[in-house]
Amino acid sequence: MGFVKSLQEEIKGAKHTVKEILQQPELWLQTVGMIEKQKAAIQDFISQKIFAKQARIIFTGAGTSAYVGNTLTPLLRKELPYQIDSISTTDIVTNPLNYLKAEVPTVLVSFARSGNSPESVATYSLAKKLINNVSQIIITCNPEGQLAKEASKDENTLLLLMPEESNDQGFAMTSSFSCMYLCALLTFQLDQLDELKRKVEVVSKNAERILTNQYKSIKKLVNLNKKRVVYLGSSTLKGLAQEASLKHLELTSGKIPTFHESVLGFRHGPKSLVDDETLIFVFLSNDPYTRKYEIDLLKELKNDAGGKTVVAVVNNNDEEIGEICDCAFIIPEQENIHLEDHLIALNYLIIGQLFALLNSIHLGVTPDNPSPTGMVNRVVKGVNIYNF
C-alpha cells in the first residue's frame with residue numbers, strides 16, 4: 001500500500017491514525033481467534049447470567065463506544081428473545097433511574113477504548129449500586145484501564161480484552177471501534193461462530209482491497225471541497241452512519257459540519273440542510289426489502305437536481321445504482337458468500353474512516369491530534385462525578 005508510506009512520511013501527525021485504520025483487517029481476524037479461545041468461558045457466563053435469568057441486556061459507552069451498541073442492537077433485537085437497549089453512559093450518569101431498573105435482572109455490557117472515561121467507570125458502579133441482580137461484561141482495549149481493573153476483582157463481571165494494537169493512540173477511535181463491535185457481535189452469536197468466522201475472513205479481504213484500490217476515488221471526493229457531509233443508513237447502518245459522522249467531525253476538528261439520520265427519517269425535516277455544498281453518503285442495505293426504500297431516496301435526490309454530490313456505498317450492486325448517484329463505492333461480492341448488514345458494515349466503515357482521514361489532511365488538520373488546544377481530549381477531562 002504505497003499511499004500509506006506517503007501519508008506517514010509526508011504528513012506530520014498522521015502516523016497513528018493511518019496505522020490504526022490500516023491494521024483493522026488483521027485485527028479482525030485476531031479478534032475472532034480470541035473469541036474462539038474464550039468460547040467456553042463466554043458461553044458459560046451468558047448461559048448463567050442471561051439465558052437462565054431472562055436478563056435485560058444494556059449496551060453502553062460514551063461517544064464512539066456508545067455507537068458500538070447503537071450499531072449492534074438492531075440485529076440482536078431480532079435474533080435474541082430478550083430486552084436489549086443501547087444507552088450511553090453520558091445519559092445513565094445524569095439520570096440513572098431513567099434507565100436502570102432495580103427489579104429487572106440485567107447484564108450491562110460496557111464498551112471502552114481506554115476504560116478510564118469518568119462516565120464509564122461511574123456507570124459500572126451505578127449498575128452495581130442500583131440493580132439488585134446485575135452482571136457485567138467489559139469489552140475494552142486497555143488491560144490497564146480502570147474498568148479492566150474493576151472487572152478482574154468481580155466474579156459477576158466478564159472481561160474481554162481486545163488485541164493490544166486496537167488500543168488506538170490516535171485521537172479518534174478507529175480499530176478500537178471495529179474490534180469491540182466485532183467482539184460483541186461474535187459474543188452474542190456464539191452458536192454461529194464457525195459461519196461468522198468464514199464471513200469475517202471475507203470482510204477482512206474486502207477491507208484490504210478497499211485500502212489498496214479505493215484510495216484515489218475517495219481522494220477525488222475530498223477534492224470537491226464540499227462544506228457539509230451527511231451520512232444515511234437504515235437499522236444497523238444508521239448506527240454506522242452515526243459513527244462515520246462523528247469520525248469526520250473529530251478528524252476535521254469540526255471544520256466541516258456533519259449530520260447523520262436514517263434513510264426514511266431524512267425526508268422529515270433534516271433534508272432541509274442539503275444545498276450545492278453538501279456531500280451525502282448513503283450506506284445501502286443488503287436486505288432487498290430495506291433497499292427498496294434506499295433506492296427511492298437515491299432517485300429522489302437525483303431528481304432534486306442542484307450541485308450536491310450523492311455517494312452510494314453498496315455491496316450486492318444493482319444495475320440502476322450507478323445511474324441514480326454521482327459516485328458508487330462497490331464492495332465486490334464473493335461467490336456463494338452473502339454478507340448481512342452487520343458484517344458489510346465493517347467494510348463501509350473503512351470507506352468512512354478513509355474519507356475522514358483524507359479530508360483532515362486536506363484541510364491542514366493534524367489527524368493524530370486534531371484538537372491541539374485541548375478543547376476536546378482523547379480521554380474526556382473535566383467531568384465531575386457526583387455521589388448518587
Side-chain angles (χ1 to χ4, degrees), residues 1 20-43 46 59 64 67-69 71-76 78-80 109 111 137 139-141 160-168 173-214 233 235-237 239-240 243-244 283-287 313-316 329-354:
M1 298 180 192
E20 288 153 6
I21 291 173
L22 267 73
Q23 70 187 0
Q24 290 173 105
E26 173 57 31
L27 292 191
W28 298 341
L29 301 179
Q30 290 183 29
T31 300
V32 174
M34 294 172 72
I35 295 297
E36 283 183 311
K37 289 179 182 178
Q38 299 178 72
K39 181 179 178 180
I42 296 171
Q43 212 156 28
I46 288 177
F59 294 113
T64 284
Y67 303 162
V68 177
T71 308
L72 185 67
T73 296
L75 167 72
L76 296 185
K78 182 176 71 173
E79 296 291 321
L80 300 176
V109 184
F111 299 106
I137 299 175
I139 299 177
T140 183
C141 306
L160 298 176
L161 291 171
M162 298 300 91
E164 181 180 355
E165 290 182 321
S166 71
N167 187 13
D168 297 328
M173 291 173 61
T174 51
S175 61
S176 50
F177 173 91
S178 63
C179 287
M180 291 193 293
Y181 170 79
L182 180 59
C183 172
L185 181 69
L186 300 173
T187 293
F188 287 94
Q189 295 190 100
L190 283 177
D191 58 333
Q192 302 176 44
L193 187 57
D194 289 342
E195 180 184 3
L196 286 169
K197 178 181 179 180
R198 185 167 58 100
K199 290 185 175 183
V200 171
E201 289 170 352
V202 173
V203 170
S204 177
K205 290 178 181 176
N206 284 347
E208 289 177 351
R209 292 189 188 99
I210 293 167
L211 291 165
T212 302
N213 301 326
Q214 303 277 27
S235 187
T236 288
L237 300 179
L240 181 72
E243 165 59 12
F283 296 124
L284 272 78
S285 173
N286 268 349
D287 182 287
V313 186
V314 60
N315 180 236
N316 184 22
F329 289 101
I330 301 168
I331 316 299
E333 289 184 272
Q334 302 297 314
E335 188 175 354
N336 300 321
I337 300 283
H338 174 73
L339 295 176
E340 299 84 356
D341 289 353
H342 54 273
L343 289 165
I344 202 63
L346 289 167
N347 288 149
Y348 291 1
L349 176 70
I350 297 286
I351 299 285
Q353 290 174 347
L354 280 179

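Bear in mind the structure is a predicted one, so any value in this text is a computation, not a measurement.
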Novice: With sequence neighbours left out, write down each residue that passes side chain to side chain donor-acceptor pair (under 3.5 Å) with Lys197, or none if nothing qualifies.
Specialist: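 Lys197: side chain to side chain donor-acceptor pair (under 3.5 Å) contacts with Glu36.
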Novice: Could you pull out the closest heavy-atom pair between Leu160 and Cys183, with the gap in Å?
Specialist: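 Closest heavy-atom pair between Leu160 and Cys183: CD1-SG, 3.9 Å.
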Novice: Return the set of residues passing side chain to side chain donor-acceptor pair (under 3.5 Å) with Ser176 (not counting sequence neighbours), or none when no residue passes.
Specialist: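 Partners of Ser176 by the side chain to side chain donor-acceptor pair (under 3.5 Å) criterion, ordered by chain and then number, come out as Asp168.
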Novice: Any chance you could measure Thr73, atom OG1, to His342, atom NE2, to the nearest 0.5 Å?
Specialist: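 These two atoms lie 13.5 Å from each other.
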Novice: Which value, rounded to the nearest 0.5 Å, describes the distance between Leu22 atom CG and Glu208 atom CD?
Specialist: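 If I round to the nearest 0.5 Å, the distance is 9.5 Å.
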Novice: May I have the step-by-step check of side-chain contact (heavy atoms from CB on, under 4.5 Å) for Asn347 and Ile344, ending in yes or no?
Specialist: CA-CA 5 Å; Asn347 288 149; Ile344 202 63; 3.6 Å; yes
Novice: Let me confirm one number: the CG-SG distance from Leu346 to Cys179, rounded to the nearest 0.5 Å.
Specialist: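 SG of Cys179 is found 9.0 Å from CG of Leu346.
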Novice: Who passes ring pair (Phe, Tyr, Trp, His ring centres under 6.0 Å) against Phe283, sequence neighbours left out?
Specialist: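 With sequence neighbours excluded, Phe283 shows a ring pair (Phe, Tyr, Trp, His ring centres under 6.0 Å) to Tyr348, given in chain and number order.
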Novice: Looking just at side-chain N and O atoms, do Glu26 and Ser204 make a donor-acceptor pair shorter than 3.5 Å?
Specialist: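 Looking only at side-chain atoms, Ser204 and Glu26 do not form any donor-acceptor pair under 3.5 Å.
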Novice: In Å, rounded to the nearest 0.5 Å, how long is the span from CD1 of Ile139 to OG1 of Thr187?
Specialist: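 Here the interatomic distance stands at 5.0 Å.
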Novice: Do Gln23 side-chain atoms and Ser175 backbone N/O form a donor-acceptor pair below 3.5 Å?
Specialist: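 No; zero donor-acceptor contacts below 3.5 Å.
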Novice: Mind checking what makes side chain to side chain contact (heavy atoms under 4.5 Å, CB included) contact with Asp287, not counting sequence neighbours?
Specialist: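 Ser285, Tyr289, Thr290.
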Novice: Heavy atoms only: give me the nearest Ser178-Trp28 pair and the separation to one decimal.
Specialist: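 Taking Ser178 first and Trp28 second, the nearest heavy atoms are OG-NE1, 2.9 Å.
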Novice: With Gln214, which residues qualify under side chain to side chain donor-acceptor pair (under 3.5 Å), at least two apart?
Specialist: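 None.
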Novice: Treating Thr31 as the side-chain partner and Leu27 as the backbone partner, does any N or O pair qualify as donor plus acceptor under 3.5 Å?
Specialist: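 Here the side-chain-to-backbone pair exists.
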Novice: Could you tell me which residues satisfy side chain to side chain contact (heavy atoms under 4.5 Å, CB included) with Lys39, sequence neighbours excluded, listed by chain and number?
Specialist: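 Listed in chain order: Gln43, Leu190, Leu193.
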Novice: Any donor-acceptor pair under 3.5 Å linking the side chain of Gln24 with the backbone of Ile21?
Specialist: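 Yes: the side chain of Gln24 pairs with the backbone of Ile21.
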Novice: Once side chain to side chain contact (heavy atoms under 4.5 Å, CB included) is applied, do any residues pair with Ile337, and if so which ones, sequence neighbours excluded?
Specialist: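 Side chain to side chain contact (heavy atoms under 4.5 Å, CB included) check on Ile337 returns Arg198, Lys199, Val202, Gln334, Leu339.
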Novice: Return the minimal non-hydrogen interatomic distance between Glu243 and Tyr67, and the atom names on each side.
Specialist: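 Looking at all heavy atoms of both residues, the closest pair is OE1-CD1, 3.6 Å.
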Novice: Which heavy-atom pair separates Ala345 from Thr236 by the least distance, and what is that distance?
Specialist: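 Scanning both residues completely, I find the closest heavy atoms to be CB-CG2, 4.4 Å.
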Novice: Hey, are the side chains of Leu75 and Leu185 touching, using non-hydrogen atoms and a 4.5 Å cut-off?
Specialist: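 Yes, side chains in contact.
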Novice: Could you list the residues that satisfy side chain to side chain donor-acceptor pair (under 3.5 Å) with Asn316, not counting sequence neighbours?
Specialist: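 Scan of Asn316 (side chain to side chain donor-acceptor pair (under 3.5 Å), adjacent residues dropped) gives none.
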Novice: Calculate, to the nearest 0.5 Å, the distance between atoms CG and CG belonging to Leu343 and Leu182 respectively.
Specialist: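 So the gap between those two atoms works out to 8.0 Å.
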Novice: Asp341 side chain to Asn286 main-chain N or O, any donor-acceptor pair under 3.5 Å?
Specialist: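 Side chain of Asp341 to backbone of Asn286, a donor-acceptor pair under 3.5 Å: yes, one is there.
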Novice: Are side-chain heavy atoms of Leu284 and Val313 found at a separation under 4.5 Å?
Specialist: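 Leu284 vs Val313: side chains apart.
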Novice: Would you please name every residue forming a ring pair (Phe, Tyr, Trp, His ring centres under 6.0 Å) with Phe188, sequence neighbours left out?
Specialist: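 For Phe188, the residues satisfying ring pair (Phe, Tyr, Trp, His ring centres under 6.0 Å) (neighbours in sequence not counted) are Phe59.
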Novice: Would you please name every residue forming a ring pair (Phe, Tyr, Trp, His ring centres under 6.0 Å) with Tyr181, sequence neighbours left out?
Specialist: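 With neighbours one apart ignored, the set is empty.
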Novice: Roughly how far apart are Ile210 CD1 and Leu354 CG, rounded to 0.5 Å?
Specialist: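 Those atoms lie 8.0 Å apart.
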Novice: Among residues two or more places apart or on two chains, list those pairs meeting salt bridge (charged side-chain N to carboxylate O under 4.0 Å, His left out) that have a residue in residues 176-186.
Specialist: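 Output for this query is empty, none listed.
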